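Lettering of chains follows the sequences in order, A, B, ..., and the numbering in each one begins at 1. None of these values were measured; they are calculated from a predicted model.
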Amino acid sequence: MMSFLNKRNTTILLVVVAILVPLLTDNPYLLHIFSTAFIWTIGVYGLNLIGGFTGQLSLAHAGFFAIGAYSVGILTVKVGLNFWLALLLGIMITTIMGFLIGIIALRTKEHFFAIYTLCVGYIIYLVIYKWEGLTEGVRGLIGIPPPAPIGPITFQTPKSQYYLLLFFLVFTIFIFTRIINSLIGRTYMAIRNSEELAQTIGIETMKQKLVSFVLSTFFAGLAGGLYASFVRFIGPDISYINVTFDMLMYLLVGGIGTLSGPLVGTLLVVWISQYLQFLQDYRMLIFGPILVLLIIFYPRGIVGGVQTWLIKQRAKKSQKEISQNLQSVVVKEEK
Amino acid sequence: MDILFQQIFNALTIGSVYSLVALGLTLVYGILHIPNFAHGALYMVGGYITLLFMESMGIHYWLAIFISIIIVGLLGVVMERLVFHPLRNAPPIHDKIAAIGVLLFLEALVQLVWGAEYRRMLSPYDIVVDFLGLTVTAQRLLIIGTAIIAMILLHLFLKKTITGSAIIAMSQNREGAFLVGINANKVAMITFFISGALAAFASSIASPINLVFPGMGHLVILKAFVIIIIGGMGSIPGAIIGGYILGFSESLSATFISNDYKDLIAFILLVAILTIKPKGLFVKGAQS
């Protein structure tokens, strides 16, 4: 069983299940929830890269998400660009902003970085809120078109949108995995574990942190752009601090600094939130304490917890085998 | 010139409130090195508790403030015990996230109990008086006066009592404080009590000129962070001076630049400061 459920097969199985979901159910509500969760997962992967792997807690990610969303929204509604071109430009705008903010923000460390990015997030919110000429202010942008068709494929139905978002999610996870398993990923972890030490062994920490930050804003921008055309309405609320906190919660429940954490956490929390619909604004009554308890008892979330448990099991098993072998050796010798 | 004096007066009012909030934040940072993101929630809860005791029980304003100070102070202690104490050896990212969890919880709780709508707090001092040729509400005079008294009391407490000295000692040098036998747990609890009490007091005196609502702590706490970075993280005089600096820059820019963007001033100030000095102004040389 365990040998069958190795990493590769599990991934393939998950993708197959994800592809099958729309064939099994026609419920647009269900597809909508999944699609929303996919969008957030992409953004949370971005947060995981800079926060979980490089160890710099950025609290501006709702801002970058909103920059992506508003870029796509404004470019399609006001300029009338094709969605795909707008998405591309939107991501570029987000990463350029990420680069500019990152250059300055990453000079600060630890608490200062968190506070700095929190304030940057708030500035982005205020600018979106107040700059009515560009963003329509509190009214929000209405009538963002759905993704434009690519040749014969259209994205009008919930099913086709589901597949499109699934594609982008798989793409995100693929890129993320490649980054983490490469030398660059190891560099990031080295910086997370000790910046001074990383510097001593010749890592250009500033440059690496900046690349990591820009990559993380890339994911946030992508998620934002997709969100704009999927929900088709955006208001300044999506850039508010609470959205960053939501993303942080998804990340923590799943497991900060793990590969599958963002996926597990986002799907789970979005699902539970749906069941707790009647609580709406009060869901934080439950999630707030969960967040605190997780941080105290399972700082690496569900995925991290399971990993630790598996390692312990394996260690126990191998210890048992060793002691059994020893016993048999002893028995033989006694004979 | 009248406008200028009026604005200076306004600056003193909001600066006093900011200073009180920033003082609580800076005390906790000095002792535990935690940027307590939940401090804004304490501020908000303080406003609600004062309002609750005034409205539903008809208690006098001052008594309601006193009760609010005690309750929020104790809430701070509970927070320290249940959340920050178990995390004292965790990596720095964890405290911040836990504080955010507490913030979200308290906000949702207040919204559940009192609803999301904006409320007015009626103070007995909502009368207009003539003060040195300016027409001002008595509440604003009261804010400036009581805030200064509170700061003097805090100063006396920290300088003249043993407990206060222990807090100062621990914020200056943790290991040294342990060596001379200071009980870290006790100091942490007292600090959190003071921090919560200051937040409750600040929101109780500021609420009659603002409004009470679940998100009222957001902007205040962000600005308090800006203040303690301006004043040096953990520095008490820095928090007071920083508070007034921010109060002045905000209300002067509201008059002479644009009222729409007055909330941006604080953040632009911070971005400018951290761009030039990434470790904050007045950072102590010995600390990294």
Aromatic plane relationship, B:H218 with A:Y240 - under 30° parallel, 30 to 60° tilted, over 60° perpendicular: tilted

Options A:V127, A:T108, A:L291, A:N242, ranked by heavy-atom pairs under 4.5 Å with chain B, top entry: A:T108

Main-chain N/O of B:Y43 paired with B:S203 side-chain donor or acceptor, under 3.5 Å: yes

Proximity breakdown for B:L109 and chain A, heavy-atom pairs closer than 4.5 Å: both

Which atoms of A:L59 approach chain B - backbone, side chain, both or neither, heavy atom under 4.5 Å: side chain

B:Y29 and A:H111 aromatic ring geometry - parallel, tilted or perpendicular at 30°/60° bounds: perpendicular

A:Y116 ring center near A:F113 ring center (under 6.0 Å): no

N/O donor-acceptor pair under 3.5 Å between A:T217 side chain and A:A220 backbone: no

Test of ring centre spacing under 6.0 Å for A:Y125 and B:F267: no

Contacting moiety of B:I221, where chain A heavy atoms sit under 4.5 Å: neither

Per-residue contact mode, A:I241 against chain B (heavy atom under 4.5 angstrom): side chain

Over all atoms of both residues, closest heavy-atom pair of B:A11 and B:S251: CB-OG, 3.1 Å

Exam field: side chain B:S19 to backbone B:I240, donor-acceptor pair closer than 3.5 Å: yes

A:S212 side-chain N/O to A:T54 backbone N/O, donor-acceptor pair under 3.5 Å: no

Parallel, tilted or perpendicular, as decided by the 30° and 60° cut-offs, for the rings of B:Y118 and B:F213: parallel

B:F37 and B:F225: CA distance, side-chain angles, deciding distance, side chain to side chain contact (heavy atoms under 4.5 Å, CB included) verdict: CA-CA 9 Å; B:F37 286 119; B:F225 273 122; 3.4 Å; yes

Chain A contact residues among residues 76-83 of chain B, heavy-atom distance under 4.5 Å: B:L82, B:V83

Sorted by number, residues from residues 243-255 of chain A in contact with chain B (heavy atoms, under 4.5 Å): A:F245, A:L248, A:L252

Over 12 non-hydrogen atoms of neighbours within 6.0 angstrom of CZ in B:F248: yes

Side chain / backbone / both / neither for A:I104 at chain B, heavy atoms under 4.5 Å: side chain

